[in-house]
Amino acid sequence: MKVKSNDGEAAVLISELAEVTGVSARALRHYEEQDLLVPERDSNGYRNYVEADVTRVAQIKAMIAAGLGTVTIRQYLECARTGEHGTTLELCPRLRAELDAIAARLDTRQAELRDTRQRLTGLASRSSSTV
């Protein structure tokens, strides 16, 4: 059901935004609690979302998919740009450092997983040779 926002721009309710973006209403409310999304409210308290919110949700989804938490997203959401090639981030020095730190944690975790796999393979090969 379409409604109008205060400035006359076409707006949708939370269920409609959830359907359009593929994000649950619960997640949208969480984004609001985290100050990532700020919908207008009408007189009965219903949230009203505008077209810019569809883009904002796409940006949030892309940043979450990239491994960023909501605290980090809140700090850098204004750096997000959405264009014909999807969502990108304008990299300021602080954001670059944050992304480098995440990448370093991933590299460390991958090395730990490789080591664990090697130990498991070693155990399995010793086990089959003693049978």
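Heavy-atom basis, side chains included; hydrogens, waters and symmetry copies ignored.
- Applying the 6.0 Å contact sphere to CD of E19 captures no more than 12 heavy atoms from other residues, nucleotides or ligands.
- Taking all atoms of both residues into account, the shortest heavy-atom contact from A80 to Q59 is O-NE2, 3.5 Å.
- In this structure, R94 contributes its side chain and L91 its backbone to no donor-acceptor pair below 3.5 Å.
- You'll find the side chain of Y49 stays beyond 4.5 Å of the side chain of E16, heavy atoms only.
- The shortest side-chain heavy-atom distance between N48 and L13 falls under the 4.5 Å cut-off.
- The two residues A18 and A25 come nearest to each other via the heavy atoms CB-N, 3.8 Å.
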Do T70 and I60 pass the side-chain contact (heavy atoms from CB on, under 4.5 Å) test, and can you show the C-alpha distance, the side-chain angles, and the key distance before you say yes or no?
CA-CA 8 Å; T70 56; I60 294 166; over 6 Å; no
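- One distance of note links SG of C79 with CD1 of I73; it measures 12.5 Å at 0.5 Å rounding.
- For the pair H30 and E33, the minimum side-chain heavy-atom distance is below 4.5 Å.
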For Y31 and V23, what are the C-alpha separation, side-chain angles and deciding distance, and is it a side-chain contact (heavy atoms from CB on, under 4.5 Å)?
CA-CA 10 Å; Y31 297 165; V23 173; 4.0 Å; yes
Criterion side-chain contact (heavy atoms from CB on, under 4.5 Å) on V20 and V12, from CA distance to verdict:
CA-CA 10 Å; V20 167; V12 297; over 6 Å; no
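- Shortest non-hydrogen contact noted between L17 and T21 is O-OG1, 2.7 Å.
- For the side chain to side chain donor-acceptor pair (under 3.5 Å) condition, the pairs that include at least one residue of residues 99-113, sequence neighbours left out, are R96-D100, R109-E112.
- Atom SG of residue C92 and atom CD of residue E78 lie 12.0 Å apart, to the nearest 0.5 angstrom.
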From CA spacing to verdict: side-chain contact (heavy atoms from CB on, under 4.5 Å), R41, R47:
CA-CA 5 Å; R41 296 279 185 149; R47 294 167 176 87; 3.2 Å; yes
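- Two residues are said to be in side-chain contact when any heavy atoms from C-beta on lie closer than 4.5 Å; L77 and R56 meet this criterion.
- Taking CG of L28 as the start and CG of D53 as the end, the distance is 9.0 Å to the nearest 0.5 Å.
- Side-chain atoms of T87 and K61, non-hydrogen and from C-beta on, never get closer than 4.5 Å to each other.
- Counting heavy atoms from C-beta outward, L89 and L95 have side chains that approach closer than 4.5 Å.
- Placement of V54 and V38 in two distinct hydrophobic clusters is found when ILVMFWY residues are connected by side-chain heavy-atom separations under 4.5 Å, directly or transitively.
- Counting only distance, with no hydrogens or angles, the side chain of R74 and the backbone of Q34 share a donor-acceptor pair below 3.5 Å.
- Annotation for A11 and V50: closest pair CB-CG1, 4.2 Å, computed over non-hydrogen atoms.
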